[in-house]
Amino acid sequence: MNLPNLTSADFLPLLPAIILVVGACILLLSEVFLSAHSSRGYQAVLSTATSVIAGVVSLTLLTEPARAVFLGFGAMDPFSSFLTFIVCVSLALASLTAAGFLRKRGAERGEFYALMLFAGAGMSLLGLSNELITIFVNVEVLSIATYALTSYLRRGTRPSEAGFKYFILGAFSSAVLLYGSALLYGATGTTHLSDMAGPLRVAMTNNAALVYAGAVLVAAGFSFKVAAVPFHMWTPDVYEGAPTPVTALMSAGVKAAAFVALVRVFTSVGSGIDAQLPFAIFSTLALLTMVAGNLLAIPQRNVKRMLAYSSIAHAGYLLLGVAALFVSAPGQEFKLLGPTALVGASPVDLARVEALRGILYYLLAYTFTAVGAFGVVSLLERREDEEKGTAWDLERFSGLAQRRPGWAFAMAAFMLSLAGIPPTIGFIGKLILFRAAVDAGLVGLTIIAVLSSAAGAYYYLRVVVYMYMRPVPEGAHTLERSWMTELALVVSTVAVVLLGILPGPLTEWIALAGTLFTR
């Protein structure tokens, strides 16, 4: 029996995921030596430290050349390394937010942080995956962990309902994704993305319907994970019922991993079929998602549900960037260029590269902003009000600037960033993404995106009005402080403001990260 010829270089891109898994195992094993009344304050620190170490390692991999690893089942490139960095940022901030949240509920356990790290490892490996079955397996790794995290607080009906809905609809979307992958395999005879271009061109002449059906089903499976309309139905209920730190992780890390996997799959599929198909799919999804997400968020008084619909709207902006990847001139073969091949490239090709970089920038910007916003929500909610559904009412923010001015300033920065108002990282992210879409010729869609974003400013600024212009409600309860959650707010706020004013260092990283391995 011949063993696969694997070298140490094949394991290098796995190093961040290995670090996360080791940290998760340590957290699980440490529970064996603790009693019910033992202090567990170290667990959030260990989870955060593990995420930071893995994130630093992922940044060092940005300069590694793009290449196939593990016999083509994975692809090491700066694109996947930057995704791992985004995932580790969301893990670290969510771990800090979880410390105070779980302690107030007497629910701090090592398995919670271990599940978060296992989910993060699945997200990292999903970004590396370059083969359809490997993608499906890693989707399930991160999904199973997030299913368990969603229903972690088993008391009450809301967490159970959220976990059940997420599991049922998630299983359905996984089945759709797997069926679409099977159809693409039937059409091409391979599941390796790098080897699909040639067989797809042949299949398009012999059995185009099979290719189209497979591509549409795969797109539908990923659309559920990124909460694109009309596959968004689960998002508000699951975001509301899940523990708030878990909601933060889902809104940032899961979305980032799903978008990176979606881009990797369809840049490979798009090189073997007419690029107009993925363009039609993603431009339609972007239009529906941007408009519906913002319109549905406007009447919400439940802040968690408002942020859930906001997350849907931001998925629409990202889908606009994905659609820009597939704009091509008539008869032009689809080919995504890297930074080393930009000399002499056409304006459409340059727009594609800028769109790829814009997607990554926007994902990082949204990670800092969304996790920070959910961190403030977690500080304001009380366990006894959660089951009644009043823990996340907009009235909770009334007079917050008088009671906790630091929290109010942080939340205001996050709301301005989500609205795309300068000087915040959210403004820079939208500027880069929308400019790439305009350069690709998507002027109409970009105008709709700008108008949708303007409509979204209404419900974001409403939160600011409540914090600064409404009196403190009578009988308001004392707001308990948590230094770890406040640390997460400080880090997020500094990133949101500083990278909005001085985006230069981050854009240099993004320039490196905009290299996608294709073959």
Side-chain angles (χ1 to χ4, degrees), residues 79 215-216 219-220 222-223 226-232 255 258-260 262-271 273-295 311-338 342 345-363 365-366 418-420 426-457 507 510 514 516:
F79 191 65
V216 169
F222 279 118
S223 295
V226 302
V229 175
F231 307 96
H232 69 290
K255 188 183 297 291
F259 264 108
V260 166
L262 181 150
V263 168
R264 190 180 296 282
V265 169
F266 278 92
T267 49
S268 296
V269 172
S271 61
I273 65 175
D274 186 356
Q276 290 302 310
L277 174 64
F279 170 73
I281 291 173
F282 295 121
S283 58
T284 303
L285 288 174
L287 174 63
L288 295 174
T289 307
M290 289 185 298
V291 174
N294 281 302
L295 291 180
S311 175
I312 294 170
H314 286 278
Y317 304 141
L318 286 161
L319 285 167
L320 173 64
V322 175
L325 294 175
F326 299 99
V327 175
S328 59
Q332 181 186 25
E333 180 182 349
F334 174 82
K335 184 180 179 183
L336 193 66
L337 301 176
L342 295 182
S346 68
V348 172
D349 289 330
L350 293 173
R352 286 177 182 160
V353 176
E354 287 304 313
L356 191 65
R357 295 172 179 174
I359 290 169
L360 289 176
Y361 194 103
Y362 202 94
L363 286 171
Y366 184 75
L418 288 172
F427 168 75
I428 301 296
K430 285 185 178 178
L431 180 65
I432 295 173
L433 203 58
F434 291 173
R435 184 181 63 185
V438 170
D439 291 343
L442 303 181
V443 178
L445 266 180
T446 306
I447 292 174
I448 294 174
V450 172
L451 294 176
S452 299
S453 184
T507 53
I510 296 294
L516 182 65

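Heavy atoms only: backbone and side chains are in, while hydrogens, waters and symmetry mates are out. As the structure is a prediction and not an experimental result, all values here were calculated from the model.
Across all their heavy atoms, I359 and G321 have their closest contact at CD1-C, 3.8 Å. P278 and F266 make their closest contact through CB-CD2, 4.1 Å (heavy atoms, listed as atom of the first residue, atom of the second, distance). Across every non-hydrogen atom of A436 and A324, the tightest pair is O-CB, 4.5 Å. Summarising the geometry of S283 relative to A323, their closest heavy-atom pair is N-CB, 3.8 Å, with the distance given to 0.1 Å. The nearest pair of heavy atoms linking A219 to S223 is O-OG, 2.7 Å.
With respect to M290, the side-chain contact (heavy atoms from CB on, under 4.5 Å) criterion is satisfied by exactly one of L285, L318, L295, L445: L445.
Using a 4.5 Å cut-off on side-chain heavy atoms (C-beta onward), F79 and V263 make contact. Counting heavy atoms from C-beta outward, L277 and F326 have side chains that stay 4.5 Å or more apart.
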L325 and F282: side-chain contact (heavy atoms from CB on, under 4.5 Å), yes or no, with the steps? CA-CA 10 Å; L325 294 175; F282 295 121; over 6 Å; no
Apply side-chain contact (heavy atoms from CB on, under 4.5 Å) to the pair L288 and T284, showing each step before the final yes or no. CA-CA 6 Å; L288 295 174; T284 303; 4.2 Å; yes
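Ring-plane geometry between Y366 and H314 is classed as tilted, the angle between the planes lying from 30 to 60 degrees on a 0 to 90 degree scale.
Looking at residues two or more places apart in sequence or on another chain, you find no ring pair (Phe, Tyr, Trp, His ring centres under 6.0 Å) involving F222.
No donor-acceptor distance shorter than 3.5 angstrom exists from the side chain of N294 to the backbone of A313, with no hydrogens or angles considered. Under a 3.5 Å cut-off, the side chain of T289 and the backbone N or O of A286 do not form any donor-acceptor pair.
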Distance-only criterion, 3.5 Å: show the donor-acceptor pairs between side-chain atoms of residues 428-435 and protein atoms not counting sequence neighbours.
residue, atom, partner, partner atom, Å
K430, NZ, L418, O, 3.2
K430, NZ, A419, O, 3.4
K430, NZ, S453, OG, 2.6

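Interatomic distance, CG of L320 versus CG of L442, reported as 6.0 Å (0.5 Å rounding).
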